[in-house]
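Read the structure below first, then the notes.
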Amino acid sequence: MELLKERIIEAGSVVSDQVVKLDAILNHQVDPALIVEMGKEFARRFIESAPTKILTIESSGIPLAFAVANELGVPFVFARRKKSVTMDENTYCERVPSFTKGIVTDIMVSSQYITPSDRVLIIDDIIANGDAARGLIRIVERSGAVLTGVGIAVEKAFQAGGRSIREQGIRTESLVTITSLENGKIHFADC
Ligand code: 5GP
């Protein structure tokens, strides 16, 4: 997606060979006009798989999932990282390592909101090793819903996450692919 690539060139920076900082558009401040366009692009790519629900993980996935869900006219659900007193007892809980925080966290989704009759599209902001996406995939599997695919805004292709999920036979689409962050420079794949 050319627009996202342009915004990353303008507003992104390299933290290390492994980490890109996108706080100005995705991970701290959010650019709503850009997010709306990203939502349209994900919707265009996945509409034929007829999702009935979008699933993401708090917090950076939320604006994106909102935009996709709004475009497709379906609800979105975000996995919580902390249990709330309002949450039911019946939750799917998965333990996932956090790439940016370097700790292991639990992610939780109430079984009320992902049911066997759902067709679920997973959306997230950035994929590195794929732990967050795999945690969401396990929740969809446990719920009995159909997984229609995984949509990722930014894939770092030099880390194994996107590849390993595709190898599971799951349709995985990235809007932008970063091939390297070496020498302080963001390199993109051609497509
Ligand atoms: P994974 O579970 O695929 O290893 O990491 C995915 C999660 O970690 C995403 O939710 C994303 O927010 C965060 N993340 C992974 N790599 C980066 C990165 O290079 N920059 C930022 N800002 N977040 C990242």
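Please read all numbers here as calculations on a predicted model, not as lab measurements. Whatever order the structure lists ligands and atoms in, that order sets their numbers, starting from 1.
Of the N or O atoms in Ser60, none lie within a sub-3.5 Å distance of an N or O in ligand 1. Residue Asp131 has at least one N or O atom closer than 3.5 Å to an N or O atom of ligand 1. For ligand 1, one of its N or O atoms has an N or O atom of Val20 under 3.5 Å away. Checked against a 3.5 angstrom limit, the closest N/O atoms of Asp23 and ligand 1 fall outside it. Any N or O atom pair closer than 3.5 Å counts here, and Gly130 shares at least one such pair with ligand 1. Not a single N or O atom of Leu22, backbone or side chain, sits closer than 3.5 Å to an N or O atom of ligand 1.
Side-chain atoms of Ile186 and Ile9, non-hydrogen and from C-beta on, never get closer than 4.5 Å to each other. Using a 4.5 Å cut-off on side-chain heavy atoms (C-beta onward), Asn27 and Ser60 make contact. By the 4.5 Å heavy-atom criterion applied to side chains, Arg171 and Arg45 are counted as neighbours. The side-chain heavy atoms of Phe76 and Ile62, taken from C-beta on, include a pair separated by under 4.5 Å. Side-chain contact between Arg80 and Thr91 is absent, with no heavy atoms from C-beta onward closer than 4.5 Å. Side-chain atoms of Met38 and Ile25, non-hydrogen and from C-beta on, never get closer than 4.5 Å to each other. When side chains are defined from C-beta on, Arg119 counts as touching Thr52, because their heavy atoms get closer than 4.5 Å.
Contacts with ligand 1 closer than 4.0 Å are made by side-chain heavy atoms of Asp125 only, the backbone lying farther away. Heavy atoms of Asp124 found under 4.0 angstrom from ligand 1 belong exclusively to the side chain. With a 4.0 Å heavy-atom cut-off, ligand 1 is reached by the side chain of Lys156 but not by its N, CA, C or O.
Not a single heavy atom of Ala133 sits less than 4.0 Å from an atom of ligand 1. Residue contacts with ligand 1 include Asn27, since one of its heavy atoms falls under 4.0 Å from the ligand.
Against a heavy-atom cut-off of under 4.0 Å, Ala132 is close to the following atoms of ligand 1: 2 (O). Ligand-side atoms of ligand 1 in range of Ile127: 3 (O), range being under 4.0 angstrom from any heavy atom.
Around the CD atom of Glu48, the shell of radius 6.0 Å holds no more than 12 heavy atoms that belong to other residues, nucleotides or ligands.
Summary of contacts: the protein heavy atom closest to atom 5 (O) of ligand 1 is Phe99 CB, 3.4 Å. In terms of protein heavy-atom proximity, atom 7 (C) of ligand 1 is nearest to Ile126 O, 4.0 Å. If you check which protein heavy atom lies closest to atom 4 (O) of ligand 1, you get Asn129 N, 2.8 Å. Residue, atom and distance of the protein heavy atom nearest to atom 24 (C) of ligand 1 are Thr100 CG2, 3.6 Å.
Residues Val150 and Val154 are members of separate hydrophobic clusters, defined by side-chain heavy-atom contacts under 4.5 angstrom among Ile, Leu, Val, Met, Phe, Trp and Tyr. By the rule that hydrophobic residues join a cluster once side-chain heavy atoms approach within less than 4.5 Å of another member, Ile114 and Leu121 end up as members of separate clusters. Under a hydrophobic-cluster definition in which Ile, Leu, Val, Met, Phe, Trp and Tyr are linked whenever side-chain heavy atoms come within less than 4.5 Å, directly or via other members, Val96 and Val104 are assigned to different clusters.
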